[in-house]
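All residue numbers in this chain count up from 1 along the given sequence. Side chains included, hydrogens not; waters and symmetry mates left out as well; all remaining heavy atoms used. Just so it is clear, the model here is predicted, and its values are computed rather than measured.
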Amino acid sequence: MPDYQDIRVSAPEDGLLLIELDRPKQLNALRGALIDEITAALAAAEGDDAVRVVVITGNDRAFAAGAGIGG
């Protein structure tokens, strides 16, 4: 899998791809780079016949705080 900066991608079970937002200090605030990484991970999943389900989640504190202002 590619080395992402703002997300973590794993396959904890057969057929499942887990995408975790990983900007805890910013409460996973969305920014262009994070959205690009999600898009890339979803495109890779779409091309993988082994992936049946994709789950996108946040961390312990937040799913996403909304739009990130200032990076």
For Q5, side-chain contact (heavy atoms from CB on, under 4.5 Å) partners two or more places apart: D3, E37

Nearest heavy-atom neighbours spanning A62 and L27: CB-O, 3.8 Å

Expected output: side-chain D36 to main-chain T39 donor-acceptor under 3.5 Å: no

Flag side-chain contact, heavy atom, 4.5 Å: F63 against I56: yes

The single option from I7, D6, V9 passing side chain to side chain contact (heavy atoms under 4.5 Å, CB included) against I38: I7

L42 side chain reached by V54 side chain, heavy atoms, under 4.5 Å: yes

Summary of salt bridge (charged side-chain N to carboxylate O under 4.0 Å, His left out) pairs that have at least one residue in residues 9-22, sequence neighbours excluded: R8-E20, R8-D22

For the student: nearest non-hydrogen atoms of L17 and A41, plus distance: CD2-O, 4.1 Å

Main-chain N/O of G58 paired with N28 side-chain donor or acceptor, under 3.5 Å: no

Close side-chain approach of R23 and R31, heavy atoms under 4.5 Å: yes

Side-chain heavy-atom pair L34, L21 within 4.5 angstrom cut-off: yes

